[in-house]
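Working notes, beginning with the structure itself.
Per chain, numbering begins at 1; letters A, B, ... match sequence-line order. Computed from heavy atoms alone, side chains included, the values below leave out hydrogens, waters and symmetry copies.
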Amino acid sequence: MTTLASDFLNILTSRGYIHQCSDIPGLDALAAKRDVTAYIGFDCTAPSLHVGSLVQIMMLHWLQQTGNQPIVLMGGGTTRVGDPSGRDESRKILSLEDIENNKRGIQNVFAKFLQFGSASPAAAMVDNAEWLTKLNYIEMLRDVGKHFSVNRMLAMDSVKLRLEREHELSFIEFNYMVLQAYDYVELARRYGCNLQMGGSDQWGNIVNGIDLGRRMGTHQLYALTSPLITLSSGAKMGKTASGAVWLNADMRSPYEYWQFWRNTEDADVGRFLKLFTTLPMAEIAKLEALGGAEINEAKKALANAATALLHGKAAAEEAAETARKTFEEGASAAGLPTFNLNLPIGILQAAVAVGFVKSNGEAKRAIANGAIRLNDVQVQDEKAAISESDLNADGVAKLSSGKKKHVLIKRT
RNA sequence: GGGAGAGUGUCCCGAGUGGCAAAGGGGGGGGACUGUAAAUCCCCUGCUUUACGGCUUCGUAGGUUCGAGUCCUACCUCUCCCA
């Protein structure tokens, strides 16, 4: 392993962001001169990004921190087509309004991690709908299509997988890689972009772009991918009981976000500290060295730092304090998710209303399993109700499901 | 266009003989043990204001039958072979 000259690659390497790179020495030389302009594409398939995209966002963050220019590419155009990578079923084709709404929801997150506007290498945000929607089919085929070999396209993982598993791959999806490759060329021409980053599943698409660039006469392009982040237990990261861990605060509160990180498995703490926080490596090494129950301190540090990055320091501290009161003192911390309900209300309805369970039947089962507690007292009777007398001096009652889910109930 | 197969419990895989709320996994939830961890063990995993009750589920729509996931017809979608 040769030593790296650039801060950018040094950081990415030591923190574990790199899975594959088309040309480390070449990219290193560029980054050392702070001449890298890199982009990552984000599909607009949901109204918010989730933690799965965080690695990518952090790569852009470090890129800017080390004096290079990040470009956030919103997939306003490519989302209309749908990326078949890593899926064995066709994506639903989203309506244009949905895509537009999703795009708006996603955009704001980047301001937390990147500096746009007046910063010295300012981050930029562009939407590939800008050029993709204007393409003319015949021209496209002649200028771009001629550089693609179907033989090679068929050999690509995203395609091969579908074919091998005998799942359908529609022509529209088959074209996705062409559009993504073209994006890269377009960004190279417009912004002098010379690096595309992405998750490891994007490798094929990115390399296609490099190839296309060479054939269409752009400057040398580079590819860099991050490893797919999985939990030590093998599960995919970012999914919890109640669905994806969204980054937008209105879809996943700072408190819940903090909890997500707090519940990290022991074996993942060090890795996550490096990937998802900006804590200095020396400090991470210390935290990582903690053993046994002490590793919980490292988890708190992870939760604090990660939440502060996304939601700000104040929100992180508040979440930490709420968690401390709730879990270490068993108190009804004011920062817990709060619901206003009409009292009295049956315990079953209440459990449904706060989102613990999806139906009354499920609530009954939860009670039978001893999962539901009201003000820390296990509910035995499914006909029980929450009434005024259950509220404490501050007018709230604490309802819990299992050991980790707690909410506060107030009178409407 | 011709021929052969497939679509099952609104997360996934997957058994299924005319009596089926439908085997078994995975995933998920809960409990025990712990440290808000992992591993392990146990329980739960269609809806319904009690129910050995009612209702809704096996691609869609009809039909046969006391009774249909299971049989028949048409249609939709996918896969494979031929053209």
* To do: Determine the interatomic distance between P on B:C80 and the same-named atom on B:G69; round to the nearest Å.
  => 31 Å
* Asked: In whole Å, what is the span from the NZ atom of A:Lys403 to the P atom of B:G35?
  -> 11 Å
* Asked: Please give, in whole Å, the distance from B:U36 C1' to A:Asn304 CG?
  -> 14 Å
* Structure fact -> Winner on side-chain proximity to A:Arg365, out of B:A37, B:U45, B:G31, is B:U45
* Asked: Cut-off 3.5 Å, side chains only: do A:Tyr257 and A:Trp246 have a donor facing an acceptor?
  -> no
* Atom CG of A:Asp381 to atom C1' of B:U49: distance rounded to whole Å? -> 13 Å
* Asked: Considering only the C1' atoms, how many Å lie between B:A74 and B:A83, rounded to the nearest integer?
  -> 26 Å
* Asked: Would you call A:Glu321-A:Arg324 a salt bridge at under 4.0 Å N-O?
  -> yes
* Asked: According to the Watson-Crick and G-U wobble definitions, with both distances under 3.5 Å, which nucleotide is paired to B:U56?
  -> none
* Between B:A37 atom P and A:Lys300 atom NZ, what is the distance in whole Å? -> 13 Å
* What about the rings of A:Tyr39 and A:Tyr191, do their centers lie closer together than 6.0 Å? -> no
* Identify whether any heavy atom of A:Lys299 sits under 4.0 Å from a base atom; if not, whether one sits that close to sugar-phosphate; answer base, sugar-phosphate or nothing. => base
* Between B:G30 (P) and A:Lys404 (NZ): distance, integer Å -> 8 Å
* Name the closest nucleotide to the A:Asp266 side chain, picking from B:U36, B:U34, B:G35. => B:G35
* Please report, rounded to the nearest Å, how far the P atom of B:G28 is from the NZ atom of A:Lys405. => 13 Å
* Looking at B:A38, B:U36, B:U48, which one has an atom nearest to any side-chain atom of A:Ser359? -> B:U48
* **Test item: side-chain donor near acceptor, A:Asp7 and A:Thr66, under 3.5 Å** => no
* To do: Between B:C11 and B:U79, how far apart are the P atoms? Round to whole Å, please.
  => 24 Å
* Asked: Which of the following nucleotides, B:U50, B:U36, B:A38, is nearest to the side chain of A:Arg262?
  -> B:U36
* **A:Arg252/A:Glu256 salt bridge by N-O under 4.0 Å criterion** => yes
* B:U40: pairing nucleotide in any strand, Watson-Crick or G-U under 3.5 angstrom -> B:A32
* When the C1' atoms of B:U50 and B:C12 are considered, how many whole Å apart are they? -> 35 Å
* Structure fact -> pair_partner(B:A4), Watson-Crick or wobble, both distances < 3.5 Å, evaluates to B:U79
* Asked: Between B:U36 atom C1' and A:Arg373 atom CZ, what is the distance in whole Å?
  -> 12 Å
* Asked: Considering only the P atoms, how many Å lie between B:G25 and B:C44, rounded to the nearest integer?
  -> 12 Å
* When the P atoms of B:C71 and B:G16 are considered, how many whole Å apart are they? -> 12 Å
* Asked: Between atom CG of A:Asn194 and atom CD1 of A:Ile210, what is the distance when rounded to the nearest 0.5 Å?
  -> 10.5 Å
* Decide, for B:C72, between syn and anti: a glycosidic angle within 90° of 0 counts as syn, anything else as anti. => anti
* To do: Using a heavy-atom cut-off of under 4.0 Å over every strand shown, decide if A:Gln349 touches base, sugar-phosphate, or nothing.
  => nothing
* To do: Considering only atom P, compute the distance from B:G14 to B:G53 and round it to an integer number of Å.
  => 33 Å
* Counterpart base for B:U64, defined by Watson-Crick or G-U wobble contacts under 3.5 Å -> none
* What's the closest nucleotide to the A:Asn360 side chain, out of B:G30, B:U49, B:G35? -> B:U49
* To do: By nearest nucleotide on RNA chain B, pick out whichever of A:Gln378 and A:Arg324 is the more 5' one.
  => A:Gln378
* Side chain of A:Trp258 - closest among B:G30, B:U36, B:U49 -> B:U36
* Nearest-nucleotide comparison on RNA chain B, the residue closer to the 5′ end among A:Lys383 and A:Ala366 -> A:Ala366
* Asked: Any ion pair linking A:Lys300 and A:Glu297 (charged N to carboxylate O, less than 4.0 Å)?
  -> yes
* To do: Classify the nucleic acid contact of A:Leu348 as base, sugar-phosphate or nothing, counting any heavy atom under 4.0 Å across all strands shown.
  => nothing
* **Whole-Å P distance, B:G28 and B:C76** => 39 Å
* Which part of the nucleic acid does A:Ala323 contact within heavy-atom distance under 4.0 Å: base, sugar-phosphate only, or nothing? -> base
* Structure fact -> With the side chain defined as heavy atoms from C-beta on, A:Lys364 is closest, among B:A32, B:U36, B:U49, to B:U49
* Return the value, rounded to whole Å, for the distance between atom NZ of A:Lys358 and atom C1' of B:U48. => 17 Å
* To do: Please determine if A:Lys134 and A:Glu139 form a salt bridge, counting it only when a charged side-chain N lies under 4.0 Å from a carboxylate O.
  => no
* Would you mind classifying the nucleic acid contact of A:Gly292 as base, sugar-phosphate or nothing, using non-hydrogen atoms under 4.0 angstrom? => base
